[in-house]
Amino acid sequence: MEERLHPNLALKRAGAVDIVRIDREDALGALNFEIMECLGDYAARLQSDASRRVLVLTGTGRAFVAGADINGYDGVGQAEFDLFQRRSRRTFDIIAGLPQITICAVNGYALGGGFELALCCDIVLASRKAKLGLPEIKLGLLPGGGGTQRLARLVGAMRAKELLLTGRMMTADEAVGYGAALEALDPDELMPRAVALANELASKAPLALAEGKRVVDDGLDSSLSSGLTLEQRVLGALFASDDAKEGIAAFIEKREPDFKGR
Ligand code: COA
């Protein structure tokens, strides 16, 4: 059953997986201040909820999110615009830093802030109906939700510049070729694949799952040597966990492990 975080945000909980659906078809999922705040508040609660292991983000109809709500920019003063950008950054940063694994199931347009939301996720799956891009330059603007930085880190500086300076949209297959999405799927296959992957990830040893994400992200932010040191420390700590003892014992006893997350 779905509950509402906001009139435009639906939440479905299944096992250890949360599915958040942006539901604003008439504006192609555009994110206004209230939706952005609500999403950030939800993500802030999620980060300390150990019962939730995987978050799937998706949209409704022909769009995931077609960006920030451009209508909300009309007549807005500089201070209000700056506040929106700061508060958006809070939402994007919390989502990017979640201990849960995040999967973005891009069902349609993922433009501007929509593509940036996808870039905050660990895994992007895209419907072949999707179009992904950073069109802000067409408004005389640039991305403000991490697009210039996260995209360049993911696909390289040259591809990121070409995309954000032309503002053109990519197909799902092109996004996969660039490394900005993991898989391009037929529209009917998108959610089944996202949910199956989410369930598979949610069944893994919880500490190793969260640490596996963190060690990659923190390692990419540091030198190779620091990253390798972090990797060894994390492995050492995992070796001391009950879950590792259980995983090793289960392998030797030829049975399924029963991980407790400690
Ligand atoms: N903010 C607010 N409303 C938006 C929106 C946005 N980012 N993107 C689309 N919408 C609204 C349109 O205003 C329209 O509303 P209306 O029916 O009340 O006129 C509705 O969604 C449908 O959009 P429309 O442009 O008619 O659909 P389309 O199929 O012709 O084009 C897009 C689809 C995605 C190419 C086009 O809507 C678009 O370019 N959107 C803006 C993308 C953007 O620049 N994002 C970055 C924002 S910083």
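As the structure is a prediction and not an experimental result, all values here were calculated from the model. Hydrogens, waters and symmetry mates are skipped; everything else that's a heavy atom, side chains included, is used. Order of appearance sets the numbers: ligands from 1, and atoms from 1 within every ligand.
At a threshold of 4.0 Å, the pair Asp18-Lys12 does not count as salt-bridged, since none of the basic side-chain nitrogens sits closer than that to a carboxylate oxygen.
Cluster annotation: Met170 and Leu125 are assigned to distinct hydrophobic clusters (Ile/Leu/Val/Met/Phe/Trp/Tyr, side-chain heavy-atom contacts under 4.5 Å, transitive).
Side-chain heavy-atom separations under 4.5 angstrom define the hydrophobic clusters, and the remaining members of the one that includes Leu228 are Leu224.
Within 4.0 Å of ligand 1, the residues that place a heavy atom are Asp26, Ala27, Leu28, Ala30, Arg62, Ala66, Ala68, Asp69, Ile70, Asn71, Tyr109, Leu111, Pro135, Glu136, Leu139, Met169, listed by chain and number.
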Under the salt bridge (charged side-chain N to carboxylate O under 4.0 Å, His left out) criterion, do Glu189 and Arg128 qualify, and how do the steps go? CA-CA 10 Å; Glu189 291 172 5; Arg128 290 211 167 82; 5.7 Å; no
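Aromatic rings of Tyr73 and Phe81 (six-membered ring for Trp) have centroids within the 6.0 Å cut-off, being under it.
Residues Ile95 and Gln47 fail the side-chain proximity criterion, which asks for heavy atoms closer than 4.5 Å.
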